[in-house]
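Source: prediction; values computed, not measured. Throughout, a chain's letter reflects where its sequence line sits, starting with A, and its residues are numbered from 1. The analysis underlying the following values was restricted to heavy atoms, covering all of them including side chains, and did not include hydrogens, waters or symmetry mates.
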Amino acid sequence: MTDSTGARLRVAPSPTGDPHVGTAYMALFNLAYARKAGGKFALRIEDTDRARFREDSEQQIFESLRWLGLDWDEGPDVGGPYAPYRQSERLETYRPHVERLIAEGHAYYCWCSPQRLAELRDAQAKSKQADTGYDRLCLGMTRDERAKLPGFSDTPVVRMLIPDDAPLTFSDVIRGAVKAPRPDDQVILKADGFPTYHLAVVVDDHLMGITHVVRGEEWISSTPKHILLYRWLGWDVPAFAHMPLLRNQDKSKISKRKNPAARLLWFRERGYLPEALRNFLQLMGYPCEEGHEVTSFAEFVDGFEWSKVNTVGPVFDLKKLDWLNGAYIRALSDDELAARIEEHLRYAGTWGEAVPARHREILRQGAPIIKERLVTLDEALPKLGFLLADDDDFLAGWESDESMREARGGLRDDAVQVIDAAVDALAGLADWNADALHETLQAALVDGLALKPKFAFAPVRVAVTGSRVSPPLFESMAILGRDSCLRRLRALR
RNA sequence: GGCCCCGUCGUCUAGCGGCCUAGGACACGGCCCUCUCAAGGCUGAAACGGCGGUUCGAAUCCGCUCGGGGCUACCA
């Protein structure tokens, strides 16, 4: 955030161009605190790694975070008092600070080639020595002196000169006093002229008035470097909130390789509601009132406290998300649900921009009967398929569709009589609505044929829906209409 | 290997020395409701990693141990 209170969000484009769910997780807590404290929430693109830069990833970050409802007050696309908000556009900003650090003896040039560094690391790993890190070969040398030695590279980097008494403890708003490892002579300016994260984050946070740094706990070990930089530059150190890391089932840090849900876009593709995902993310590492896991963002903000955030990395359990998503779907109005389903089908590319009026109407009428049966939005189409299909296509399924044939095959021998009786009773039905259908079929099949409801209605369900499992039968038949129902019944007969 | 972070039901969590024969939620089992499937109601099983210590008393404090994770890049 910026100004006197608030927090800042730091986001870096991922190499795959796909925003990470961890980004949204940090953003959510960041936003909650910014709102609670009355501060600003800033989005900054940390694109200092040219090798991993992807052209399209920034747009995806904007789109997916907005989808989740995490709106930023300042950022590359909305501007703000501290623009630009892309680090790649701030290169000149960092340079003078690097020069100052060199002039004051806190940083030095290093001409060691990547190969030499790699060999050095290998040797250290093999010798199992306790003290690893750069060996300071270049420290105190001029370019010419260094050039005479092996492993020389033409374009130097700039490294921090970590003093022996570098402070290793700091206060974290989530964890309290934290001890961190002793840093090594970290590179702060790369050979290509780009700063590393460590330098850029400190300079930008200071210049942008960031008061709270919210990031994952993998950054704890880097924090002493950052604190050193703040001190050398004579700047106030911001508050740090190191969030727990989201985990895969095997407890490792959540990764796209092991977990499809590590991709933020995955949730949208699968038909999860953004408000359900937001609620789920909030529950990760954060308590709720007993029995009130379904909470609004406003409630979250209201009671937000850093000290309530857990230090244990939570395992991502999609079962709970499924339940939450269902709960949020059930809370939607029928029309809203229909609109959400249509929106999702368009996003998924299942439906084009021009949705036929008939489809839209069936969605609207079908919404209430599938509402409490949905876990995700992408289940809507399969559940409503028998209503959407026209009769010819539907009837062709008796030949081509494996699951329909199985449903038919599972019927009892008396199904023929049941369907005959149903057709007879329905043919003269005056009002074609769910209640009348229920009454009529109840009388004709349950009472008339002395069958258990379960067996009486199964053949009708299969005939009309093509499946042994469907939304409520009478409501479905009411939506389908008299002609289609009778045609389908006679066809199965 | 080194340094650092962490350790309550399968999972998310409550607990911050006695209110704990450890509470809630998801998932799971059973029952009820019921036109199938759901939803809903009731109910059941399920955890303080281990060992020492401090204390009248420990899930809560300390130490050790074991276990998990992170970092150890001219990546963030």
Practice item. Round to a whole Å and report the spacing from NZ of A/Lys319 to P of B/rU13. Key: 18 Å

Check your understanding: Is A/Tyr230 atom OH crowded by more than 12 heavy atoms from other residues, nucleotides or ligands, each under 6.0 Å away?
Key -> yes

Check your understanding: Does a side-chain N or O from A/Lys253 land closer than 4.0 Å to OP1 or OP2 of B/rC71, or not?
Key -> yes

Review point. So, is A/Arg247 near the phosphate of B/rG69, with a side-chain N or O under 4.0 Å from OP1 or OP2?
Key: no

Check your understanding: How close or far is atom P of B/rG68 from atom CG of A/Leu246, stated in whole angstroms?
Key -> 20 Å

Check your understanding: Phosphate oxygens OP1/OP2 of B/rC75: is one of them under 4.0 Å from a side-chain N or O of A/Lys190?
Key -> yes

**Study point:** Atom NZ of A/Lys179: over 12 foreign heavy atoms under 6.0 Å
**Key:** no

Exercise for review: Consider the side chain of A/Trp323, meaning its heavy atoms from C-beta on, and name the nucleotide among B/rA76, B/rC26, B/rG7 that approaches it most closely.
Suggested key: B/rC26

Check your understanding: Under 4.0 angstrom, heavy atoms only, what part of the nucleic acid is A/Leu473 near: base, sugar-phosphate, or nothing?
Key -> base

Review point. CZ of A/Arg330 versus C1' of B/rC26: gap in Å, rounded?
Key: 12 Å

Review point. At under 4.0 Å, does any side-chain N or O of A/Ser470 touch on OP1 or OP2 of B/rC35?
Key: no

Check your understanding: Which is true for A/Pro244 with a 4.0 Å heavy-atom rule: it touches a base, it touches only sugar-phosphate, or it touches nothing?
Key -> nothing

Point to revise | G-U wobble or Watson-Crick pairing nucleotide for B/rC61 (cut-off 3.5 Å, both distances) | key: B/rG53

Practice item. Please state how far atom CG in A/Leu318 lies from atom P in B/rU11, giving the value in whole angstrom units. Key: 15 Å

Practice item. Please determine if A/Arg278 forms a cation-pi arrangement with A/Phe297, meaning its NZ or CZ atom is less than 6.0 Å from the six-membered ring centre and no more than 45° off the ring axis. Key: no

Check your understanding: Can you list every pair that meets salt bridge (Lys or Arg N to Asp or Glu O under 4.0 Å) and has a residue in residues 434-459 of chain A, with sequence neighbours left out?
Key -> none

Check your understanding: Looking across every strand, which nucleic acid part, if any, lies under 4.0 Å from A/Glu379 by heavy atom: base, sugar-phosphate, or nothing?
Key -> nothing

Check your understanding: Quick one: does A/Lys320 reach the base of B/rA25 with a side-chain donor-acceptor pair under 3.5 Å?
Key -> yes

Check your understanding: B/rG1, B/rC35, B/rC6: which one has an atom nearest the side-chain heavy atoms of A/His438?
Key -> B/rC35

Review point. Which nucleotide, B/rC37, B/rG1, B/rC74, lies nearest any side-chain atom of A/Arg373?
Key: B/rC37

Review point. Counting side-chain heavy atoms from C-beta on, which of B/rG23, B/rU36, B/rC74 comes nearest to A/Val187?
Key: B/rC74

Check your understanding: Using the C1' atom in both, what is the distance from B/rG52 to B/rA46, to the nearest Å?
Key -> 29 Å

Revision key, fill the gap. Note: for A/Pro195 and A/Pro287 on RNA chain B, the residue whose nearest nucleotide lies more 5' is A/Pro287

Exercise for review: Consider the side chain of A/Asp317, meaning its heavy atoms from C-beta on, and name the nucleotide among B/rC74, B/rC26, B/rG7 that approaches it most closely.
Suggested key: B/rC26

Revision key, fill the gap. RNA chain B nearest-nucleotide lookup for A/Leu374 and A/Met284: closer to the 5′ end is A/Met284

Exercise for review: Round to the nearest Å and state the distance from A/Asp185 atom CG to B/rU72 atom P.
Suggested key: 15 Å

**Study point:** Assigned partner base of B/rA25, Watson-Crick or wobble definition, under 3.5 Å
**Key:** B/rU11

Check your understanding: Between B/rU36, B/rG24, B/rC74, which one does the side chain of A/Lys454 approach most closely?
Key -> B/rU36

Review point. Whole-Å distance between B/rU36 P and A/Leu445 CG?
Key: 14 Å

**Study point:** Nearest-angstrom distance from the residue atom NZ of A/Lys179 to P of B/rG70
**Key:** 21 Å

Practice item. Return the nearest nucleotide to the side chain of A/Arg121; candidates are B/rG70, B/rA73, B/rC35. Key: B/rA73

Review point. Between B/rG7, B/rA14, B/rC74, which nucleotide gets closest to the side-chain atoms of A/Thr196?
Key: B/rC74

Check your understanding: Do any side-chain nitrogens or oxygens of A/Lys452 fall under 4.0 Å of OP1 or OP2 in B/rC35?
Key -> no

Practice item. Could you tell me how the ring of A/Phe304 sits relative to the ring of A/Tyr286: parallel (under 30°), tilted (30 to 60°) or perpendicular (over 60°)? Key: parallel

Exercise for review: Would you please classify the geometry between the A/Trp111 ring and the A/Phe152 ring as parallel, tilted or perpendicular, with 30° and 60° separating the classes?
Suggested key: parallel

Practice item. Using whole Å, report how far CG of A/Leu189 lies from C1' of B/rA73. Key: 15 Å

